[in-house]
Amino acid sequence: MQTCPIRQNFSPKSIVQLKSYRTFVRSMECNVPENMKKANLFLIWIFSISVIATSCREDIVKDSGGEKTGKLARMNIADAKLLFITSGESGVKLYGVKNSSLLKSTSEMSDEIYEIEYLDENGKPVEDKIPRSIYDAGDFLIVFFREVDGWVVAEEAYFVRKADGAVYEVPNEYIPSSDGYNELIFNSNVNRQGFKYPGNGDFLNISFDGNDNFYYTAIRCLSSGECPHILYRVSSISNSGIDFRQVSAENETVWGFCMDDAGNSIYCRAGGEWLRYVSADGNMGEPIPVITRTGWDAPVSVYRFVWNGTDGIMALLAVWGEYDSEGWYNAYPENRHYLMKLKNGQFEKTREISLDFSRNFPSSYNVFYVQGKVIYSHYSGSSTILVDISGENSYREIPCPVGANIVINGKLYNFDENTFSLTHINIDNGTATPVFALNKSVLNDYVISCIMDVTESSITFGAYRLSDKMNVVAKIGLDNVPVILQSNSGEVSLVAPLNP
């Protein structure tokens, strides 16, 4: 198959910002008859001119006095505990939820919603920003905006500091890529709330080490025409610049990754067949096969799950059989499963696990970082077990009457969105204690579209109110009285909790 290089005859900013451009050029150059190429090149020239015009545009608007304003420098998110995006007749808008009282002890039913402002360095509003998605990155948020100009779609990304809303533009070559995630490798940012609520349409894998650095992938297009997803470390974000360091190999696309506290990493290469270990100082280990096979290509073992434990990177290995001393393969009557730990760049067995994995394996839906531990909520038939998979010496199985699906204020819970009930789960002994069971019948006039937030005393949700055919954001507390926080602002399309 022909390798199709990407044309480089216009601004690098446009190449990185516009994934649609890459797709467009490949469709123009690949697998077309020779007699069409001149017409196609003319179309590419027209497209390039429009992209240059778009990429040269700064964030400039005029106030009522005609004075020009500058680039985005701040967003008023410092008081927000939750952000969400709505889509409606008035366009796409970003809102924050904050406590309207100066007293921190005041009931959270006093929450209010306000529209997020985009300001330049002089405090003047920057208009025409269309928010697309928001991701949590520790002390920062990663906020994406898009700009549509005809059939040209440009994308910008910013690091926004939670403490004061200061904005730092992400250089074009380091704009995060949301492609390539797989369920094999787990990060703590994946699952704080396992029940269904609006999230980012594209999954952006973000991981952290113990030094407040965070990691993600970005696309780099090579002269060969390949565009691998490179893993980067991000640190030292300030007005003087942002420090980016490449972690993964130059020509390897990263599909899922995690870090330990020291900054050692493991990632899955494109295709899902191989893992690669990289030490904190940049030394790369030998590839680790995800699946090992017999001589006739039957699987012998497969890694089912990889995660960062409390004392290093761990994995769950499923084994179908083994070779004896004479080289004969012997299949086990039932699969065996082993807890593995990464040591010196390779995984080593630490113990065999006897759990029944026929119903479920660990995944982003049932593994939680909570109270300094890594807890897997395992179920088999009618029984549920909390499994401590924090490390090689901390493994425990604890019976529990309910499955976990949400972490609130550092504690583990089960939230039932069908009954609006919340149950606290003690991770030390498996005890389940009811917190509340609200009267959902008072919401018969509402078609609930999404759960936006759950606390120990309330539920915030987006809904369509039947009586007046209006989209609303509402909250219901222990008194079973719904309070409307916002109405007629459009349908909630994305929710981003600002994790502490």
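Note that the structure is a prediction, hence the values are computed from the model and not measured. Heavy atoms only: backbone and side chains are in, while hydrogens, waters and symmetry mates are out.
- Remark: T384 pairs with no residue by the side chain to side chain donor-acceptor pair (under 3.5 Å) rule, at least two apart or across chains.
- Applying the ring pair (Phe, Tyr, Trp, His ring centres under 6.0 Å) rule to pairs touching residues 442-497 yields nothing, sequence neighbours excluded.
- Legend: residues meeting side chain to side chain contact (heavy atoms under 4.5 Å, CB included) with S467, ordered by chain and number and at least two apart, are D445, R465.
- Here the closest heavy-atom approach between residue L316 and residue P362 is recorded as CD2-CD, 3.7 Å.
- Partner of E156 under the salt bridge (charged side-chain N to carboxylate O under 4.0 Å, His left out) criterion, chosen from R146, K71, K129: K129.
- Partners of S394 by side chain to side chain donor-acceptor pair (under 3.5 Å), not counting sequence neighbours: none found.
- Residue pairs meeting the salt bridge (charged side-chain N to carboxylate O under 4.0 Å, His left out) criterion with at least one partner in residues 378-389, sequence neighbours excluded, do not occur; the list is empty.
- Taking the six-membered ring for Trp and the full ring otherwise, Y95 and F84 have centroids separated by under 6.0 Å.
- Not counting sequence neighbours, D212 has no partner by the side chain to side chain donor-acceptor pair (under 3.5 Å) test.
- The side chain to side chain contact (heavy atoms under 4.5 Å, CB included) search around D428 returns K373, N426, not counting sequence neighbours.
- Listed by chain and number, the residues in a side chain to side chain contact (heavy atoms under 4.5 Å, CB included) with K98 are D79, E112, Y114 (sequence neighbours excluded).
- For the side chain to side chain donor-acceptor pair (under 3.5 Å) test, no residue two or more places apart in sequence or in another chain qualifies with E121.
- A218 is linked by a side chain to side chain contact (heavy atoms under 4.5 Å, CB included) to Y216, Y232, counting only residues two or more places apart in sequence or in another chain.
- Judged as a salt bridge (charged side-chain N to carboxylate O under 4.0 Å, His left out), the pairs with a partner in residues 228-244 (not counting sequence neighbours) are, in order, R233-D243.
- Taking the centre of each ring, F145 and Y118 come in below the 6.0 Å mark.
- Take Y215 and apply the ring pair (Phe, Tyr, Trp, His ring centres under 6.0 Å) test, not counting sequence neighbours, and it matches no residue.
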